[in-house]
2 protein chains.
Amino acid sequence: MSEAASLELGRFLPYRLSVTAECISRVFAESYERRFGLTIPEWRVMAVLGEGAPRPTQAVIEATEMDRVKVSRAVTRLVDKGLVTRRTAPEDQRSQILALSRKGFGLYGQIVPLAHALQAELTAGLGAEELALLDRVLESLHAKAREIGSRS
Amino acid sequence: MSEAASLELGRFLPYRLSVTAECISRVFAESYERRFGLTIPEWRVMAVLGEGAPRPTQAVIEATEMDRVKVSRAVTRLVDKGLVTRRTAPEDQRSQILALSRKGFGLYGQIVPLAHALQAELTAGLGAEELALLDRVLESLHAKAREIGSRS
DNA sequence: GCCAACCGGTTTCTTGTGAAACCATCGGCG
DNA sequence: CGCCGATGGTTTCACAAGAAACCGGTTGGC
């Protein structure tokens, strides 16, 4: 098969996915930065805490799929900015409970509409069924990648 | 609308896309590194040059969607490893013509089957029509992102 | 022809990242 | 109890990434 002999980068899925994701991230990052002075890791932490309930750091790590170093640094910056509060968990002195401060919730309330608007703009031109399928496909790819990664 | 008040990170497209792409990149990067000692930027350069014809650096920059610094560094490493040749273009002394060396083609021939195999494994469980749709959707998202990014 | 703006590519510098080392605390087992 | 391995989180270190400065080389206008 000629497929085996060469590879067109532009049709190679990991490449396409990576380039697209990076491009989108750049656009969003620029917006968050310009309007709110937040990086993407910071925004992700806020997004999780914005759901309402305070959470231990560990839960934030899982929910954001970022490693603990990244989360630790993002949280430190958010605390410095007064957007997040950090208190040690009473039942385990090592663990910390994170929550948005009043100011944090205020900012969160401003970001969410922007995020939704950007996402809407990005997906304009795509039908609901296409987006639903995209969701499933991403889920499948992610699961497969995890699986391949974990067994090597 | 309650949509405007909160945002579930796990259903937020840029997040999903970014996490999935990163996870896949990690898996591929590990394979390339382990078996061939290549980083992803290096692999991308080789993939483009593997198409056959020698190309100026500028063309590689465009085809890989990486910035010139990244390409410059990747090429330097590839030349050091003897996988790529670099000669100054006769018609413009500033520009360089890049090509795979014999050894480079040899390695390329080994990588391509692995890349195809990994991609096949990754997309196992997805139908051809789903993959075709994914392609179109990624294309659309990428185009939109470029558009949004360029006008701000 | 010559100077200035431009362009291809590299180097420098600052910053973000993740691995590994680290510190404090916790839980289990002798 | 009291040690010892495991766990939550931070810090250190080495390195990749991108912005901006830089260095030839080129081109266009006078």
Side-chain angles (χ1 to χ4, degrees), chain A residues 18-19 21-23 25-30 32-34 37-45 48-49 54-80 84-99 149, chain B residues 18-19 21-30 32-34 37-45 48-49 54-81 84-99 149:
Chain A
S18 166
V19 166
E22 257 170 61
C23 184
S25 283
R26 205 162 28 242
V27 168
F28 278 74
E30 207 170 300
Y32 296 150
E33 169 59 38
R34 185 153 33 87
L38 291 180
T39 64
I40 285 193
E42 286 163 24
W43 150 244
R44 283 194 189 170
V45 170
V48 169
L49 296 179
R55 295 169 190 245
T57 302
Q58 195 55 43
V60 173
I61 289 173
E62 280 156 26
T64 56
E65 301 232 19
M66 304 193 295
D67 83 279
R68 55 197 180 152
V69 179
K70 219 169 184 175
V71 171
S72 169
R73 292 197 261 241
V75 168
T76 302
R77 287 191 301 261
L78 290 170
V79 170
D80 287 350
V84 163
T85 62
R86 182 158 48 171
R87 63 187 178 79
T88 60
E91 74 281 11
D92 184 344
Q93 305 270 56
R94 295 169 301 177
S95 149
Q96 312 198 332
I97 308 297
L98 306 174
Chain B
S18 166
V19 166
E22 257 169 63
C23 185
I24 292 173
S25 284
R26 203 162 29 241
V27 169
F28 278 72
E30 210 169 298
Y32 296 150
E33 169 58 39
R34 186 153 32 89
L38 291 180
T39 64
I40 285 194
E42 286 163 23
W43 148 245
R44 283 194 189 171
V45 170
V48 168
L49 296 178
R55 296 168 188 245
T57 303
Q58 196 55 44
V60 173
I61 290 172
E62 280 156 26
T64 57
E65 300 232 21
M66 304 194 294
D67 84 279
R68 55 196 181 151
V69 178
K70 219 171 185 174
V71 171
S72 169
R73 291 197 262 238
V75 168
T76 302
R77 287 190 300 259
L78 290 171
V79 170
D80 287 350
K81 293 179 193 171
V84 165
T85 63
R86 182 160 47 172
R87 63 186 178 80
T88 59
E91 74 281 10
D92 185 343
Q93 307 270 57
R94 294 168 302 179
S95 148
Q96 313 199 332
I97 309 297
L98 306 174

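Please read these numbers as outputs of a predicted model, since none were measured by experiment. Letters go in sequence order (proteins before strands), and every chain restarts at 1.
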Return the nearest nucleotide to the side chain of Ser95(A); candidates are dT17(C), dT10(C), dG8(D). dG8(D)

Would you say dT10(D) has OP1 or OP2 under 4.0 Å from some side-chain N or O of Ser72(A)? yes

What is the distance from CZ of Arg55(A) to P of dG9(D), rounded to the nearest Å? 14 Å

Could you tell me whether a side-chain N or O of Lys70(B) sits under 3.5 Å from a main-chain N or O of Ile61(B), the two making a donor and an acceptor? no

From OH of Tyr32(A) across to C1' of dG16(C) the rounded distance in Å is 19 Å

May I have the distance from Gln58(B) (atom CD) to dC7(C) (atom P), rounded to whole angstrom? 11 Å

Rounded interatomic separation in angstrom, taking CG from Asp80(B) and C1' from dT10(C): 14 Å

So, does Lys70(B) get its side chain near the phosphate of dG18(D), meaning an N or O under 4.0 Å from OP1 or OP2? yes

So if I take every side-chain heavy atom of Arg68(B) and compare against dG18(C), dA17(D), dT10(C), which nucleotide ends up nearest? dT10(C)

CE of Met66(B) versus C1' of dG9(C): gap in Å, rounded? 14 Å

At under 4.0 Å, does any side-chain N or O of Thr57(A) touch on OP1 or OP2 of dG9(D)? yes

Within the distance-only criterion (no hydrogens, no angle test), does the side chain of Thr76(A) pair as donor or acceptor with the backbone N or O of Ser72(A) below 3.5 angstrom? yes

Check against side chain to side chain donor-acceptor pair (under 3.5 Å), Arg44(B) and Ser18(A): CA-CA 12 Å; Arg44(B) 283 194 189 171; Ser18(A) 166; 3.2 Å; yes

Closest approach to the side chain of Pro41(A), judged atom by atom: which nucleotide of dG9(C), dT17(C), dT25(C) is it? dT17(C)

Between dG9(C), dT26(D), dG18(C), which one does the side chain of Gln93(B) approach most closely? dT26(D)

Select base, sugar-phosphate, or nothing to describe what Arg86(B) touches, counting heavy atoms under 4.0 Å on all strands. sugar-phosphate

Can you find an N or O donor on one side and an acceptor on the other, under 3.5 Å apart, linking the side chain of Arg26(B) with the base of dG18(C)? no

Would you mind reporting whether Leu98(A) and Arg55(A) have side-chain heavy atoms less than 4.5 Å apart? no

Would you mind reading off the distance between Glu33(B) atom CD and dG18(C) atom C1', rounded to a whole angstrom? 15 Å

Nearest to the side chain of Arg94(B), heavy atoms from C-beta on, is which of dT26(D), dT25(C), dT11(C)? dT26(D)

Side chains of Thr57(B) and Arg86(B): closer than 4.5 Å at any heavy-atom pair? no

Answer with yes or no whether Arg73(A) presents, from its side chain, a donor or acceptor under 3.5 Å of a partner atom in the base of dG18(C). yes

Rounded to whole Å, please give me the gap between CG in Asp67(A) and C1' in dT11(D). 13 Å

Leu38(A) versus Trp43(A), closest heavy-atom pair with distance: CD1-CA, 4.4 Å

Glu42(A) CD - dT17(C) P separation (whole Å): 10 Å

Select one nucleotide: of dC26(C), dA19(D), dG8(C), the one nearest the side-chain heavy atoms of Val69(B). dA19(D)

Of Gln96(A) and Glu22(A), the one whose nearest nucleotide on DNA chain D sits closer to the 5' end is Gln96(A)

